[in-house]
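Reading through the structure tokens given below for one structure.
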Amino acid sequence: MKLAIVLSTQQAKFDAVAFKGDLEANIAKIAGWGYDGVELAIRDPKLVDVAEIEAILQRYGLTAPAIGTGQAWGEEGLSFPDPDPAIRRAAIERVKSHIPVAARLNAVIIIGLLRGIVKPGVSREQAMDWVVEALQECSAAAAPAGVRLALEPINRYETTLINNVAEGLALIERVGADNFGLLLDTFHMNIEEPSMEESIRLAGDHIFHFHVADSNRWHPGAGHIDFVSVLKALFDTGYDGYISGEFMPMPDADTAAQAAIAYLRDLEHRMK
Ligand code: LER
Ligand code: MN
């Protein structure tokens with residue numbers, strides 16, 4: 001099992017990003033605890049030195065399996081279905097600007113909250129059309145670079161567009177690009193899916209990336225999700241990507257990260 005943890009390259013408001021602050025110090029700690037990779041939350045690639053990030057990752061023997069883009073929504077309000085065409089265009093261009101970074105790091109680009117919500121004055125149909133068009137444009141731009149995009153179904157309390165796997169699969173059908181798939185997150189699935197295992201089976205090889213947090217969004221092992229059963233279903237689909245920890249820094253970030261890896265490594269032995 002390849003394990004990663006979410007790491008923000010900038011200060012961020014998003015609470016489930018456990019590691020904020022000094023990049024190299026955090027990467028050193030994460031490598032020391034035995035993680036294989038870090039998922040980088042990058043608000044704007046223009047503001048980060050990718051060569052430096054790459055050098056630090058190499059120094060500590062870590063990979064970056066995925067790049068999170070949601071801070072562009074959280075901090076700047078960019079999204080695909082905004083009624084303002086300039087904001088829609090900026091959201092698309094922002095995602096495209098991640099493509100060279102993702103290609104260089106061999107990372108999946110995550111489309112989380114950046115896909116937006118249905119804003120006042122915009123019909124659901126119109127919002128979905130804009131989301132589909134944006135994803136088609138971004139997927140087409142990413143394909144020649146060999147880069148994949150993964151949309152994350154997010155629970156109803158955080159977004160009004162694409163809350164569950166069935167909606168994610170319908171969107172994949174509409175976008176119609178091989179390099180566009182899903183990121184499944186156990187925290188959101190625990191709220192939205194009747195059966196996480198069944199939804200994972202349905203998503204099958206459209207699963208490009210995977211987030212773990214327990215039912216309370218603490219580290220795996222702190223709540224009541226049956227991770228043996230969920231991860232068995234995931235690996236049965238043939239998934240060979242990373243399991244990426246995205247949970248609250250509770251009781252604190254270091255304790256949570258260490259508890260997560262201890263729990264998941266032990267579970268890995270029990271699954272064999
Ligand atoms: C991001 O990966 C996520 O899971 C969302 O809850 C962001 O708010
Ligand atoms: Mn997530």
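Note that this is a predicted model, so its numbers are computed, not measured. Values below: every heavy atom of this structure, side chains too, minus hydrogens, waters and symmetry copies. Order of appearance sets the numbers: ligands from 1, and atoms from 1 within every ligand. Count residues from 1 along the sequence.
Nearest to the Mn ion (ligand 2), among the N, O or S atoms that D185 has, is OD2. Minimum-distance N/O/S atom of E152 relative to the Mn ion (ligand 2): OE2. H211 contributes ND1 as its N, O or S atom closest to the Mn ion (ligand 2). Nearest N/O/S atom of E246 with respect to the Mn ion (ligand 2) is recorded as OE1.
Contact check for H188 versus M196: no side-chain heavy atoms found under the 4.5 Å cut-off. At a threshold of 4.5 Å between non-hydrogen side-chain atoms, the residues K119 and I117 count as touching.
Residue E158 has at least one heavy-atom neighbour below 4.0 Å for each of these atoms of ligand 1: 5 (C), 6 (O), 7 (C), 8 (O). Proximity to E152 (heavy-atom distance under 4.0 Å) selects the following atoms of ligand 1: 1 (C), 2 (O), 3 (C), 4 (O).
Contact annotation: for R217 versus ligand 1, heavy atoms closer than 4.0 Å belong to the side chain alone. Using a 4.0 Å cut-off between heavy atoms, V6 makes no contact with ligand 1 at all.
Atom OG1 in T69 sits 10.0 Å away from atom CZ in R115 (nearest 0.5 Å).
Note: F227 and Y263 have perpendicular aromatic rings, judged against thresholds of 30 and 60 degrees for the angle between ring planes.
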